[in-house]
Amino acid sequence: MSLSFSQYQEGSPLPPAFYEVPALEAAPRLLGHTLVRRTEDGHIRCRIVETESYGGIEDKGSHAYGGRRTARTEVMFGEGGAAYIYLIYGMYHCLNVVTGAMNDPQAVLIRAVEPLTPDDEALMRKYRNAAAKKPVDLSGGPGKLCRGLRIDKSLNGQSLMELDGPLWIEAGRPLKNETIMQSPRINIAYAEEYAAKPWRFFLRNHPYVPLLDKNMTVFKEFGE
DNA sequence: CTAATGATGCACT
DNA sequence: GTGCATCATTAGC
C-alpha cells in the first residue's frame, strides 16, 4: 500500500493526495479520521466509524453506474476531495466523499460517526429533534448523522479539504487496538452481482455502528 | 412490519 | 414536456 493508515499529522486536513485513489482504497482509510462541521453554535467534531465504497461506472450500486452523468451525480465526476450529498427517501440526506481523478466517478458514503466529546454530542442532539437513547440512535446511520451535523444539499460540491470551511475532514489519531471489518453494503439489492461485494467497512464492536452482518470478515487489525 | 415524502431518472409522447 | 416507479433511510407501531 502506498499510503499508510497513519501518515498524516493529527488535526490537519486530509490533503488532496488522500483523495486521489479509488473509493475502495479510501473507504477503509477514512475510518478513524475526523469529520468536522462548522455551525453557528460552534464546531462539531466526530470520528468516522463506518463507510461504504461506491466506485466507478461498472458498479451497479453506484449512482454513476454506466456513466450516468446528471445534475445529481455531477460532483462525483469531479476531482476527489469534495462532498457529494443527495436526498434519499424524500426526507434524509446522505454524505459521500468524492475520490479518484476527474471524470472517474468514485465516492465513499459516510454511514456512521461518533462525537468526539460531550460538547460535540450535545450539539448533535440539538440538531436531531429525537431522543436518541443508544449511541447508534444518535449518529449510527447516514441519515441520522447528516441531521445531527446539519448537513444538507446546500453543501453539495463543497471541498472537504479547507480548514474551517463549512465541512472538512482532518486526520484523526491512528487506529490502535482496533479492527476494521468488512461486509456487503446495506440496502442495495438492486445492484445484482455487485450487491454482495464486501465494500462496507466499519470498526469492530463499535457502539455507533448498527446492523452487524453475519457475512462480515476481518479486513485489517491494528495492534499497539 | 411499514408509512412518510420528494427528487430523480427514464420511458414515452 | 409529462407520468410514475424507485429509492445508498428512519421512526414508530
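Labels below follow one simple rule: chain letters A, B, ... track the order of the sequence lines, proteins then strands, and each chain is numbered from 1. Side chains included, hydrogens not; waters and symmetry mates left out as well; all remaining heavy atoms used.
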Please write out the pairs of protein N or O atoms and N or O atoms of nucleotides 9-13 of chain C separated by less than 3.5 Å, giving the distance to one decimal.
unit_1	atom_1	unit_2	atom_2	d
C:dT9	OP1	A:R111	NH1	3.2
C:dT9	OP2	A:N187	ND2	2.8
C:dT9	O3'	A:G143	N	3.4
C:dT10	OP1	A:G141	O	3.4
C:dT10	OP1	A:P142	N	3.2
C:dT10	OP1	A:G143	N	2.8
C:dT10	OP1	A:K144	N	3.1
C:dT10	O4'	A:Y92	OH	3.4
C:dA11	OP1	A:R128	NH2	2.3

Report the distance from atom [atom1] of [X] to atom [atom2] of [N], rounded to the nearest whole Å.
X: A:Y190; N: C:dA5; atom1: OH; atom2: C1'; value: 15 Å
X: A:F202; N: C:dA8; atom1: CZ; atom2: P; value: 20 Å
X: A:L87; N: B:dG9; atom1: CG; atom2: P; value: 12 Å
X: A:E74; N: B:dT8; atom1: CD; atom2: P; value: 13 Å
X: A:M76; N: C:dA8; atom1: CE; atom2: C1'; value: 10 Å
X: A:I85; N: C:dA8; atom1: CD1; atom2: P; value: 16 Å
X: A:R68; N: C:dA8; atom1: CZ; atom2: P; value: 9 Å

Presence of A:H63 side-chain N/O under 4.0 Å of C:dA8 phosphate oxygens OP1/OP2:
yes

task = Could you tell me whether the phosphate oxygens of B:dA7, OP1 or OP2, come under 4.0 Å of any side-chain nitrogen or oxygen in A:R72?
result = no

Honestly curious: do A:V49 and A:V136 fall in one hydrophobic cluster under the side-chain, below-4.5 Å linking rule? no

Review point. In terms of side-chain geometry, is the basic nitrogen of A:K144 or A:E50 positioned less than 4.0 Å from the acidic oxygen of its partner?
Key: no

I'd like to know if the side chain of A:R47 reaches the main chain of A:P115, judged simply by a donor and an acceptor atom lying under 3.5 Å from each other, with no hydrogens or angles considered.
no

| task | Looking at every strand, decide which applies to A:K60 at a 4.0 Å heavy-atom threshold: base, sugar-phosphate, or nothing. | result | nothing

message = Base, sugar-phosphate or nothing for A:R185? Non-hydrogen atoms, less than 4.0 Å.
response = nothing

B:dT5 versus C:dG3 - spacing of their P atoms, nearest Å: 23 Å

Name the atoms and distances for all side-chain donor-acceptor pairs under 3.5 Å in residues 211-224 of chain A, with sequence neighbours left out.
unit_1	atom_1	unit_2	atom_2	d
A:D213	OD1	A:N215	N	2.6
A:E224	OE2	A:N177	ND2	3.2

Under a 3.5 Å limit on both distances, the Watson-Crick or wobble mate of B:dA7 is C:dT6

Q.
Distance to the ring centre below 6.0 angstrom and angle to the axis at most 45 degrees; does that hold for A:R185 and A:Y54?
A. yes

Looking only at the side chains, is there a donor atom on one of A:Y8 and A:H33 sitting less than 3.5 Å from an acceptor on the other? no

Next on the checklist: Within the 4.5 Å heavy-atom criterion, are A:E52 and A:P142 side-chain neighbours or not?
Outcome noted: no

